[in-house]
Amino acid sequence: MTSGKAAIVTGAGSGIGRSVALAFLKHGYRVALAGRRKDRLEQTAKDSGELERSLVVPADVTDAKSVQALFAAAKERFGRLDVLFNNAGIGTPGSVMLEDLTLEQWQAVVNTNLTGMFLCTQEAFRIMKAQSPRGGRIINNGSISAHAPRPNSAPYTSTKHAVTGLTKSTALDGRKYDIACGQIDIGNARTDLAARMANGVPQANGQIAVEPLMDVEQVGAAVLHMANLPLETNVQFMTIMATKMPFLGRG
């Protein structure tokens, strides 16, 4: 299957970003793989078997100049930008209580999860509104935390709630440029980051419980579905999760 579309995926060296980048490349996209670790980005490109359609761009989404360089490199290589998957994100250790978080810890999460996503969105707008055919699609990685927090997750949860606001504003402001924006909220995908859930994680009632996980490839397939829709159609919000994870109900 050949798409021919051009995409940027942030945080493409591991986890959800890697899964989405591989799904895009498998289905004919030309993909700029962005992230802080060049070796991991190169491994994603190698594992895809599509080196000719991959562009490895080490980048820090918290740095405006780095973001500008990323989008400039993608435009130079591909000539246009059809899809941005805003995925790069970090959290704080779950063992640190809210009152013990440092200002630096708080700001690091805000800078990556929210400001970084905003900077990438700005650059995507600048390319998408000026290209021909005009427009494109931005998909933001939210989280189940955009709906309900885990214990000791104030910075991460706050930014993911804010991402929802950014998604709505982007969707509205993008209409005049034929730019669609949607959000995918993901719960318990099997990645290195989520592997600890198989051993038990803190619950709202203070207990430690093992939580079910789903195959991260299903996330890649879901984002690919959103990306492949025609621009007159938008998945505004999608929640994909391990069916039996403790999200719905009382905890």
Side-chain angles (χ1 to χ4, degrees), residues 1 3 5-62 66-67 70-71 73-74 77-78 81-91 109 112-113 116-117 120-121 124 137-145 156 159-160 163 182-198 212-228 238-242 245:
M1 180 177 179
S3 161
K5 293 181 179 179
I8 292 175
V9 177
T10 65
S14 62
I16 289 164
R18 169 184 161 86
S19 175
V20 170
L22 291 174
F24 280 5
L25 286 163
K26 180 180 178 181
H27 286 79
Y29 279 71
R30 298 168 290 161
V31 183
L33 309 168
R36 290 177 294 180
R37 292 190 53 177
K38 184 179 180 181
D39 58 332
R40 290 195 174 187
L41 300 174
E42 290 175 338
Q43 189 63 52
T44 299
K46 181 180 178 181
D47 291 345
S48 75
E50 300 292 348
L51 292 175
E52 290 186 2
R53 287 192 279 106
S54 302
L55 175 64
V56 170
V57 187
D60 179 358
V61 297
T62 70
S66 182
V67 171
L70 161 64
F71 281 77
R77 172 74 175 269
F78 303 138
L81 177 63
D82 297 287
V83 180
L84 164 64
F85 182 46
N86 259 329
N87 167 70
I90 62 172
V109 176
T112 300
N113 296 9
M117 192 173 287
C120 289
T121 297
R137 187 179 304 277
I138 298 170
I139 302 171
N140 293 333
N141 186 353
S143 172
I144 293 293
S145 293
Y156 185 82
T159 57
K160 291 305 183 179
V163 165
Q183 178 173 319
I184 184 164
D185 297 327
I186 303 161
N188 288 17
R190 189 176 290 106
T191 64
D192 290 344
L193 188 65
R196 61 191 179 89
M197 295 178 187
L213 295 161
M214 65 175 171
D215 191 332
V216 71
E217 288 189 7
Q218 298 305 318
V219 178
V223 175
L224 179 67
H225 168 71
M226 295 171 72
N228 280 342
M238 176 190 289
T239 300
I240 184 170
M241 55 183 268
M245 72 172 289

Spacing of [X] atom [atom1] and [Y] atom [atom2] [to the nearest 0.5 Å]:
X: E42; Y: R37; atom1: CD; atom2: CZ; answer: 11.5 Å
X: H27; Y: H225; atom1: NE2; atom2: NE2; answer: 12.5 Å
X: I186; Y: N87; atom1: CD1; atom2: CG; answer: 7.0 Å
X: I144; Y: I240; atom1: CD1; atom2: CD1; answer: 10.0 Å
X: I138; Y: M226; atom1: CD1; atom2: CE; answer: 12.0 Å
X: M241; Y: N188; atom1: CE; atom2: CG; answer: 8.0 Å

| query | In a check of side-chain contact (heavy atoms from CB on, under 4.5 Å) between L33 and each of L55, L41, I8, which one passes? | reply | L41

| query | Any chance the side chains of D39 and Q43 put a donor and an acceptor closer than 3.5 Å? | reply | no

Between [X] and [Y], which heavy-atom pair has the shortest distance, and what is it?
X: A34; Y: A59; result: CB-CB, 4.4 Å
X: C120; Y: T10; result: SG-CG2, 4.1 Å
X: A32; Y: F78; result: N-CE1, 3.6 Å
X: I90; Y: Y156; result: O-CD1, 3.3 Å
X: I184; Y: A222; result: CD1-CB, 3.9 Å
X: R77; Y: E52; result: NH2-O, 2.8 Å

Beyond-backbone contact of [X] with [Y], side-chain heavy atoms, under 4.5 angstrom:
X: V20; Y: L224; answer: no
X: V56; Y: K38; answer: yes
X: M197; Y: M245; answer: no
X: V31; Y: S54; answer: no
X: V219; Y: M214; answer: yes
X: N228; Y: Y29; answer: yes

Would a distance-only check, ignoring hydrogens and angles, find a side-chain to backbone donor-acceptor pair under 3.5 Å from [X] to [Y]?
X: D82; Y: A6; answer: yes
X: N140; Y: G142; answer: no
X: S19; Y: V216; answer: yes
X: T191; Y: G15; answer: no

| query | Stepwise, does the side chain to side chain contact (heavy atoms under 4.5 Å, CB included) test hold for T44 with R40? | reply | CA-CA 6 Å; T44 299; R40 290 195 174 187; 5.7 Å; no

| message | Which residue is it: N141, T121, N113? I am looking for the one with a side chain to side chain donor-acceptor pair (under 3.5 Å) to N86. | response | T121

| request: Take M117 and V61 through the side chain to side chain contact (heavy atoms under 4.5 Å, CB included) test and state the conclusion after the steps. | output: CA-CA 7 Å; M117 192 173 287; V61 297; over 6 Å; no

